Amino acid sequence: MPELPEVETVVRMLAPLKGRVIREVMVLHQPSVAGSPGKMSMLAGRTIERVWRRAKFIRVDLSEGLGLAIHLRMTGWLGVLAATVKDPKRDPYVRVRVSLDDGSEQLVFNDIRTFGRVWCGTRESLDALKSLKKLGPEPFDISPTEFAQRLRSKKSRLKSLLLNQEFLAGVGNIYADEALFGAGLHPLMIAEKVSVARAKRLLKSIQEVLQAAINAGGSSVENFKRPDGESGWFQRELRIYGRGGETCVVCGTVVKRILVGQRSTSFCPKCQRVF
DNA sequence: ATCTATTCCTGGCTGC
DNA sequence: TGCAGCCAGGAATAGA
């Protein structure tokens with residue numbers, strides 16, 4: 001599922017769309033578009049100025065102050081395809097088509113499980129979306145001191161806190177588990193009991209795992225694919241996520257799998273302790 | 001403030 | 001081979 005590194009991969013690969021003109025927007029599955037799907041027609045004729053990211057939201061800035069916001073959630077996929085391409089395996093799940101320039105290519109939003117959403121409107125109205133507005137800081141934009149302070153003001157368990165987008169934006173289930181493993185912290189530890197030094201170490205671990213995953217083009221877990229259809233390869237580097245029942249890559253202890261806030265969580269009971 | 005449970009959805013896996 | 005049942009989970013929401 002796309003988390004920050006996967007969304008960053010998508011954004012980097014779609015950056016060359018800058019300068020292209022939207023010809024027509026076709027909504028094939030109305031619930032994939034927030035609000036009135038008919039509003040999408042306002043995008044016709046606009047020029048793409050920039051593709052960027054905030055947390056797991058993809059933003060497309062358009063001319064005349066308009067824009068798109070896209071959240072891939074679990075199974076969303078974005079890519080540019082020739083209009084003539086017919087992929088029987090993928091076509092049934094295309095939810096929105098945005099034809100570009102002369103119409104020979106399309107920006108395609110594909111989403112098997114339809115959890116993903118597309119918003120359109122003025123950039124101001126997108127900025128004001130509740131889910132965007134309440135996002136916490138980006139993991140690469142917060143200082144260790146500030147992170148430690150924020151963390152130590154919370155009574156939640158570390159795993160739940162890392163998944164909370166209001167606390168820190170962009171981390172999901174995969175990288176939360178990986179970051180806690182890297183920092184040697186137990187997922188059930190209460191945040192306010194974490195020492196300043198260990199909190200700083202956790203931020204470092206989060207940044208390291210996110211950066212390594214970005215460098216690898218993301219993790220192709222579930223069915224994440226890059227916009228070019230290729231897999232990322234960081235899933236091969238995952239050290240703890242999804243390894244419940246296997247042996248720990250560091251110490252050989254059997255990795256435990258528990259539920260934390262309804263989320264599957266893997267951790268090593270020896271390497272990850274409650275301090 | 002923080003928790004749990006529920007909802008959305010469907011491909012892929014397990015077990016019979 | 002077929003099929004039922006379950007699992008994956010980001011975020012919103014309700015209720016405790």
Side-chain angles (χ1 to χ4, degrees), chain A residues 1-8 10 28-35 37 53-58 69-78 87-96 109-119 126 128-136 138-139 149-180 187-194 206 210 213 218-225 231 235 238 240-246 255 257-267:
Chain A
M1 41 288 179
E3 302 183 24
L4 187 154
E6 289 74 33
V7 176
E8 179 67 23
V10 171
L28 298 127
H29 182 72
Q30 309 260 332
S32 294
V33 175
R53 171 189 76 70
R54 169 76 171 105
K56 304 175 197 171
F57 288 83
I58 295 159
I70 301 153
H71 199 303
L72 302 175
R73 291 282 189 98
M74 303 300 300
T75 56
W77 178 84
L78 276 179
D87 181 347
K89 205 163 154 65
R90 203 144 57 182
D91 276 0
Y93 309 113
V94 172
R95 309 307 182 186
V96 180
F109 175 61
N110 180 299
D111 189 15
I112 293 173
R113 277 151 73 181
T114 69
F115 284 9
R117 283 291 176 278
V118 178
W119 295 259
L126 295 173
L129 284 173
K130 195 169 65 177
S131 52
L132 264 163
K133 221 174 166 182
K134 67 184 186 187
L135 287 171
E138 291 283 323
Q149 206 168 30
R150 275 172 72 81
L151 187 100
R152 282 157 50 80
S153 71
K154 301 289 184 184
K155 297 181 199 295
S156 334
R157 295 173 292 195
L158 286 180
K159 173 64 184 279
S160 301
L161 194 55
L162 292 184
L163 292 181
N164 183 344
Q165 301 299 299
E166 296 178 43
F167 172 71
L168 187 71
V171 175
N173 210 34
I174 298 171
Y175 300 107
D177 278 9
E178 294 295 318
L180 288 169
L188 294 179
M189 194 174 172
I190 301 300
E192 68 175 1
K193 307 209 164 162
V194 176
I206 292 167
L210 293 178
S219 300
S220 288
V221 171
E222 292 278 315
N223 53 5
F224 173 75
K225 289 278 195 290
S231 294
Q235 66 277 9
L238 297 175
I240 196 75
Y241 173 81
R243 291 191 184 272
E246 298 177 29
V255 173
R257 182 185 170 278
I258 57 173
L259 277 185
V260 184
Q262 314 302 115
R263 291 289 167 262
S264 167
T265 300
S266 301
F267 71 102

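The shown structure was predicted, so the numbers you read here are calculated from the model rather than taken from an experiment. Note that these values count all heavy atoms, side chains included, but never hydrogens, waters or copies made by symmetry. Letters A, B, ... are given to chains in the order of the sequence lines, protein chains preceding strands, and every chain is numbered from 1.
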Original post:
CH2 of W119(A) versus C1' of dA12(C): gap in Å, rounded?
Top reply: 11 Å
Subject >> Options dG11(B), dT2(B), dG10(C), nucleotide nearest the side-chain atoms of N173(A) >> reply: dG10(C)
**OP:** Could you check whether Y241(A) gets within reach of a base, just the sugar-phosphate, or nothing at all, counting any heavy atom under 4.0 Å?
**Re:** sugar-phosphate
Original post:
Is R95(A) reaching over with its side chain to a backbone N or O of D111(A), donor-acceptor style, under 3.5 angstrom?
Top reply: yes
Original post:
More 5' along DNA chain C: G172(A) or K130(A), using each one's nearest nucleotide?
Top reply: G172(A)
Original post:
Can you tell me if the side-chain N/O atoms of H71(A) get under 4.0 Å from OP1 or OP2 in dG10(C)?
Top reply: no
**OP:** Starting from C1' on dT4(B), measure out to CG on L259(A) and report it in whole angstrom.
**Re:** 12 Å
**OP:** Consider the side chain of F115(A), meaning its heavy atoms from C-beta on, and name the nucleotide among dT10(B), dC8(B), dC3(B) that approaches it most closely.
**Re:** dC8(B)
**OP:** Specify the separation, in whole Å, of atom CD1 of I112(A) and atom C1' of dC8(B).
**Re:** 15 Å
Original post:
Considering only dG10(C), dT4(B), dG11(B), which nucleotide approaches the side chain of Q262(A) most closely?
Top reply: dT4(B)
**OP:** Name the closest nucleotide to the K154(A) side chain, picking from dA12(C), dT2(B), dG10(C).
**Re:** dT2(B)
**OP:** Could you check how far OH of Y175(A) sits from C1' of dG10(C), rounded to whole Å?
**Re:** 15 Å
**OP:** Tell me which of M74(A) and L132(A) sits closer to the 5' end of DNA chain C, going by the nucleotide each one is nearest to.
**Re:** M74(A)
**OP:** Test T265(A) against every option in L163(A), I258(A), L188(A) by the side chain to side chain contact (heavy atoms under 4.5 Å, CB included) rule and name the one that passes.
**Re:** I258(A)
Original post:
Are any of Y93(A)'s side-chain N or O atoms less than 4.0 Å away from OP1 or OP2 of dC9(B)?
Top reply: no
Original post:
Do the side chain of R73(A) and the main chain of R117(A) share a donor and acceptor less than 3.5 angstrom apart?
Top reply: no
Original post:
Below 4.0 angstrom from OP1 or OP2 of dA11(C), is there any side-chain N or O of Q165(A)?
Top reply: yes
Original post:
Which part of the nucleic acid, if any, lies within reach of S131(A) when heavy atoms closer than 4.0 Å are counted: base, sugar-phosphate only, or nothing?
Top reply: sugar-phosphate
**OP:** Please check the phosphate of dA11(C) (OP1 and OP2 only) for any side-chain N or O of K134(A) closer than 4.0 Å.
**Re:** no
Original post:
Where each residue is assigned the nucleotide of DNA chain B containing its nearest heavy atom, which of V260(A) and R263(A) is assigned the position nearer the 5′ end?
Top reply: V260(A)
Original post:
Is the side chain of E178(A) donor-acceptor paired with the backbone N or O of Y241(A) at a distance under 3.5 Å, no angle test?
Top reply: yes
Original post:
Between E166(A) (CD) and dG10(C) (P), how many Å, whole number?
Top reply: 16 Å
**OP:** Could you check whether the rings of F57(A) and W119(A) sit parallel, tilted or perpendicular, using 30° and 60° as the cut-offs?
**Re:** tilted
Original post:
Among the nucleotides dA11(C), dC7(C), dG11(B), which one has an atom lying closest to any side-chain atom of R257(A)?
Top reply: dC7(C)
Subject >> Integer-rounded Å distance: dG11(B) C1' and K225(A) NZ >> reply: 13 Å
**OP:** Select one nucleotide: of dG10(C), dA8(C), dC3(B), the one nearest the side-chain heavy atoms of R157(A).
**Re:** dC3(B)
Original post:
Toward the 5' end of DNA chain B, which comes first, R73(A) or G261(A), by nearest nucleotide?
Top reply: G261(A)
Original post:
Can you tell which of dC9(B), dA8(C), dG10(C) lies closest to the side chain of T114(A)?
Top reply: dC9(B)
Subject >> Spacing of I258(A) atom CD1 relative to dC7(C) atom P, expressed in whole Å >> reply: 17 Å
Subject >> Rounded distance in Å - CG (L188(A)) to P (dT2(B)) >> reply: 16 Å
Subject >> Donor-acceptor contact below 3.5 Å, side chain Q165(A) vs main chain G136(A) >> reply: no
